[in-house]
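Following: one structure in structure tokens, then a few remarks.
Heavy-atom basis, side chains included; hydrogens, waters and symmetry copies ignored. It should be emphasised that the depicted structure is a prediction, and the values quoted were computed from it without experimental measurement. Read the numbers this way: they start at 1 and go in the same order the structure lists the ligands and their atoms.
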Amino acid sequence: MSVENEFNTKNGARHDRLLGMDQPISRRDFLNSTLLAAGGALASGATPLRLLAEEDWTGYGGIGDYRKSNGNTYDIVETGHRIRNGDFESLPPNVIDTGEIYDCAIVGGGISGLAGALFFIRLAGNGRKCLVIDNHPIFGGEAKRNEFIVDGHRLIAHQASAVFFAQYPHSFLARFYDSIGLKSPKLEYQQWGSRERALPLSHTPYDMVGSQPAAYGYYFGAKFGQTPGLWLLDPWGKKLRGAPITDAARSELLKWRAGTQQPQERPKYEGDEISRRLDSITLEDHMIERYGISRETIRTFLSPVEGGGSGLGPDVLSAYADYAADLLHPLESDDTDQMFPGGNTEIARLMVKSLIADSISGPHTVEGVCRGKVNFQALDRAESPVRIRLNSTAVWVQHEAEPQKSEFVDVLYTRGNQVCRMKARSVVMAGGCWTTKHIVRDLPQTHKDAYAQFYRSPCMMVNVALRNWRFLYKMGINGFRWFEGLGNYPEVRKTALIGADSPTLGPDSPVVLNLKVLYSYPGMQIADQGYRGRGELLSTSFTDYERQVRQHFTDMFVGSGFDAKRDIAGIILNRWGHAYLNPQPGFFFGKEGKAAPREVLREAPFGRIAFANTDLAGIMDHRCSILEAERAVGQLLNQVLST
Ligand SMILES: Cc1cc2nc3c(=O)[nH]c(=O)nc-3n(C[C@H](O)[C@H](O)[C@H](O)COP(=O)(O)OP(=O)(O)OC[C@H]3O[C@@H](n4cnc5c(N)ncnc54)[C@H](O)[C@@H]3O)c2cc1C
């Protein structure tokens, strides 16, 4: 039997072995040690069933500072569901009063919360104290990374937030970057390191999918009647000839491609007439109008990747979502988009190092924070003006008295099985809409109505560590897309030298491919797409996802010499239950004469509480996290702390 046929027999355990499901690193070594731990737990009367369920959900987490924090953890999901189900509507009798009083408490230790702490401590003056509370085992929110050791090489990859953008030198954001130690936003990357013909390599996960050059490939599988699947290399150079699609779809896709390469009418500033018109229709209707293509073509081939970067497809998003981030006006040059080895993780680390000097070992430089180790003990020290408290979920935030007259806000959070209480003179809610709306107990109806118009959808980032990518090189590609099943568009990326294991990269170098799995169901209501996606994301075991990845790569690449068992060195799943804000038409500028929901929350603080997080901008972008934090802290300083 040929290797290809063997893989197609799919007969249980033997098939799993061929796929490499029994290989170490990716899961088994981790599970085995957990099984031993579970045995110990059983002897001591704990509940191993839950423990096992948790481990087959979490899977392998890699090495280094982030090894226990891949995506949302099992505990976070459980506590989140307890909040949603009303478990904290009335408080447990045994709340522990920590006796602490902070000038500012910040809920959420992502880029927005960390930036908020920096703004607060820089602006509020000496002697002020600030606490950041985050539910993950490490700060950063969606700006986190995974690390692998593959055949002795240390590889770093982003868990979600990836790219940052060089700003005009004297802009507010450029000065902010500079203030945290990001002095030169343009980075140096690995060079081609092989005698063989060089392939142009990406330096972000989005270079190839954006341009789709000759070294790009499309894979068509069973959905297109292709078993085994069919590769179309250099799809646009070939004008899609050879793709197993209808003539109508081909001519529409060519029209779309040509249209995207023409100069387009774009909004010039946020809120101009063009942006308001775009916000009144869906992105799908806009694409139909702009490129003259059908809904069916969009849903089959373009959704959700061409979806404004907002998790769901263009059928439910505001057309303005596709243009909004451009209006943050980064520096105009070919290499504006930049990426640290772990994506925007390094921006979070630079901020933490700026807040607490000994929080990360090594010098306060981009390379220093990338290669240094987090000193977890330093994060939450009583004497420090800023404390970062991890593994803590805020479950109750409420003014002590009537909001306009209250001097304090009560903040209660879970830590293990305990609920703790502290007080703050001001609070920034930087955790995101999906928890803020539940935990601010005295939130006025106007704000509740506004938050009810925020929808978020899940995303799973699967990092697949490969021993080499020769199977791609053999095909002459380093980026590829498919249109069915799990994920859709990885590409081989050279790493910024500040964290690279080697200054060069060739087809035999180990790399991490990043599979972004989006859960979109075109045609369904926006909220229902989010619920359904989360259901799928949360209820699928690590083993099932691992098998799908191994099978899919085998289906695609067995013909070019790929062997999942030999070539896959590790898989980490980063499950983000509420990854993306999905702005619907009217989100940005309001509709039917009503204010946009984001404006209700941004306009003024509610008593001593102000709202941040990138989702308030409607744009998933760390620059918005920073800008929203600056506004929120400014509102509290002006209206709360100065009175
Ligand atoms: C897959 C993906 C790719 C992305 N790529 C990019 C990119 O390339 N470039 C870019 O600029 N942006 C990107 N983003 C957007 C990203 O959201 C922002 O860059 C930024 O990281 C968001 O920071 P934040 O602080 O606003 O929110 P978050 O990162 O969500 O931080 C909020 C934190 O608060 C915590 N929290 C929430 N509720 C509570 C509670 N009740 N108690 C305690 N803690 C709580 C959350 O768990 C989280 O840790 C991407 C996002 C995703 C999902």
Side-chain angles (χ1 to χ4, degrees), residues 69 71-73 75-77 79-80 82-84 88 105-117 131-144 158-165 173 204-206 309-311 325 328 330 337-340 342-345 347-348 351 388-397 411-415 427-440 456-463 487 514-518 574-582 611-617 619-629 632:
S69 196
N72 296 140
T73 64
D75 282 346
I76 289 174
V77 175
T79 314
R82 288 183 64 201
I83 297 174
R84 186 200 58 195
F88 301 99
I106 298 184
V107 175
I111 298 234
S112 200
L114 297 171
L131 173 73
V132 179
I133 299 179
D134 195 88
N135 47 8
H136 286 86
I138 188 165
F139 52 80
E142 292 179 344
K144 292 197 178 72
H158 59 297
Q159 290 195 17
S161 185
V163 182
F164 74 98
F165 311 89
L173 283 164
T204 80
Y206 306 116
S310 296
L328 292 165
D337 298 9
Q338 297 287 315
M339 184 168 169
F340 294 112
N344 291 328
T345 308
I347 294 189
M351 287 197 279
I388 300 174
R389 192 158 295 166
L390 300 172
N391 295 307
S392 304
T393 305
V395 293
W396 174 292
V397 177
V411 179
L412 283 82
Y413 58 91
T414 60
R415 212 166 152 77
V427 173
V428 176
M429 297 299 300
C433 58
W434 76 99
T435 66
T436 302
K437 67 181 179 191
H438 291 295
I439 63 180
V440 181
R456 290 190 65 144
S457 59
C459 169
M460 181 169 67
M461 297 288 259
V462 184
N463 277 324
N514 175 256
L515 272 63
K516 184 189 273 195
V517 181
L518 298 170
N574 301 292
R575 305 179 198 236
W576 301 104
H578 302 265
Y580 284 106
L581 185 274
N582 316 125
F611 305 92
N613 191 285
T614 190
D615 63 7
L616 284 190
I619 309 167
M620 296 307 286
D621 191 301
H622 76 286
R623 291 168 297 176
C624 296
S625 308
I626 297 167
L627 294 169
E628 296 298 330

- prompt: To the nearest 0.1 Å, how far is atom 9 (N) of ligand 1 from its closest protein heavy atom, and which atom is that?
  reply: V163 O, 2.9 Å
message: Please report the interatomic distance OG(S457) to NE2(H578), rounded to the nearest 0.5 Å.
response: 10.0 Å
- request: Working to the nearest 0.5 Å, report the span between OG1 of T614 and NE2 of H622.
  value: 9.5 Å
statement: Between L518 and C459, the two heavy atoms sitting closest are CD2-SG, 3.9 Å
- prompt: Are any of the N or O atoms of R456 closer than 3.5 Å to those of ligand 1?
  reply: no
Element-labelled atoms of ligand 1 that are located less than 4.0 Å from some non-hydrogen atom of I439: 41 (N)
field: Under-4.0 Å heavy-atom contact with ligand 1, by part of N344 that carries it
entry: side chain
message: Please state which option from T414, V107, I76 has its nearest heavy atom closest to atom 40 (C) of ligand 1.
response: V107
- prompt: For ligand 1, which atoms have a heavy atom of G108 less than 4.0 angstrom away?
  reply: 33 (C), 34 (O), 35 (C)
message: Check this for me - ligand 1, I83, N or O atoms closer than 3.5 angstrom, yes or no?
response: no
Separation of T345 OG1 from K144 NZ (nearest 0.5 Å): 8.5 Å
- request: Would you kindly specify which portion of A160 sits under 4.0 Å from ligand 1, judged on non-hydrogen atoms: side chain, backbone, both or neither?
  value: both
task: Would you mind listing which atoms of ligand 1 come within a distance below 4.0 Å of any non-hydrogen atom of I133?
output: 43 (C), 44 (N)
- request: Before giving the answer on side-chain hydrogen bond (donor to acceptor under 3.5 Å, both in side chains), spell out for T204 and D337 the whole-Å C-alpha distance, their side-chain angles and the decisive distance to 0.1 Å.
  value: CA-CA 8 Å; T204 80; D337 298 9; 5.4 Å; no
field: Closest non-hydrogen atom pair, P205 against M339
entry: CD-SD, 3.3 Å
- request: Report, in ascending order of atom number, the atoms of ligand 1 lying under 4.0 Å from any heavy atom of T435.
  value: 37 (C), 38 (N), 39 (C), 41 (N)
query: In terms of residue, atom name and distance, what is the protein heavy atom nearest to atom 37 (C) of ligand 1?
result: G431 O, 3.3 Å
statement: Taking every heavy atom of C624 against every heavy atom of I619, the minimum-distance pair comes out as SG-CB, 3.8 Å
message: Within ligand 1, which atoms have a heavy atom of S112 less than 4.0 Å away?
response: 24 (P), 25 (O), 26 (O)
message: For A579, is there any backbone N or O sitting under 3.5 Å from a side-chain donor or acceptor partner on R456?
response: yes
- line: In terms of heavy-atom contacts, L390 and F139 come closest through CD2-N, 3.6 Å
query: Near A162, which atoms of ligand 1 are under 4.0 Å from a heavy atom of that residue?
result: 5 (N), 6 (C), 7 (C), 8 (O), 9 (N)
- prompt: Polar-atom distance check: N613 versus ligand 1, any N or O pair below 3.5 Å?
  reply: yes
query: Got the closest protein heavy atom to atom 17 (O) of ligand 1, with its distance?
result: E142 OE1, 2.5 Å
message: Measuring from atom 23 (O) of ligand 1, which candidate in G311, G110, S625 has the nearest non-hydrogen atom?
response: S625
message: Distance alone, cut at 3.5 Å: any donor-acceptor contact between the side chains of N72 and H136?
response: yes
- request: Say whether A430 and ligand 1 are in contact under the criterion: heavy-atom distance to a ligand atom below 4.0 Å.
  value: yes
field: Any donor-acceptor pair under 3.5 Å from S112 side chain to N613 backbone
entry: yes
- line: Output for pair (S69 OG, N135 CG), nearest 0.5 Å, gives 9.0 Å
task: Just need the protein heavy atom nearest to atom 49 (O) of ligand 1, so name the residue and atom and give the distance.
output: D134 OD1, 2.7 Å
- prompt: Between A325 and R623, what is the shortest heavy-atom contact and its length?
  reply: O-NH2, 3.9 Å
message: To the closest 0.5 Å, what do you measure between CD1 (I347) and CZ (F164)?
response: 5.5 Å
task: Could you tell me the residue and atom name of the protein heavy atom closest to atom 41 (N) of ligand 1, and the distance to it rounded to 0.1 Å?
output: A394 O, 3.0 Å
- prompt: Which residue owns the protein heavy atom closest to atom 46 (C) of ligand 1, what's the atom, and how far is it?
  reply: N135 OD1, 3.6 Å
- prompt: Is there a heavy atom in S392 that sits closer than 4.0 Å to ligand 1?
  reply: yes
- prompt: Going by the atom numbers of ligand 1, which of them fall below 4.0 Å from some non-hydrogen atom of H136?
  reply: 47 (O), 49 (O)
task: Before signing off on this row, confirm whether N72 and ligand 1 have an N or O atom pair separated by under 3.5 Å.
output: no
- prompt: OG of S310 to CG of N582: how many Å apart, nearest 0.5 Å?
  reply: 6.5 Å
- request: For ligand 1, indicate whether the residue Y580 contacts it via side chain, backbone, both or neither (heavy-atom separation under 4.0 Å).
  value: side chain
query: Heavy atom under 4.0 Å from ligand 1: found in R623's side chain, backbone, both, or neither?
result: neither
query: For W576 and A160, which heavy atoms make the closest approach, and how far apart are they?
result: NE1-CB, 3.6 Å
message: If I apply the N/O under 3.5 Å rule, does I111 come out as touching ligand 1?
response: yes
field: Subset of ligand 1 atoms that lie under 4.0 Å from at least one heavy atom of T614
entry: 17 (O), 22 (C), 26 (O)
task: Only heavy atoms count here, so choose which of A143, G141, S310, S161 is nearest to atom 12 (N) of ligand 1.
output: S161
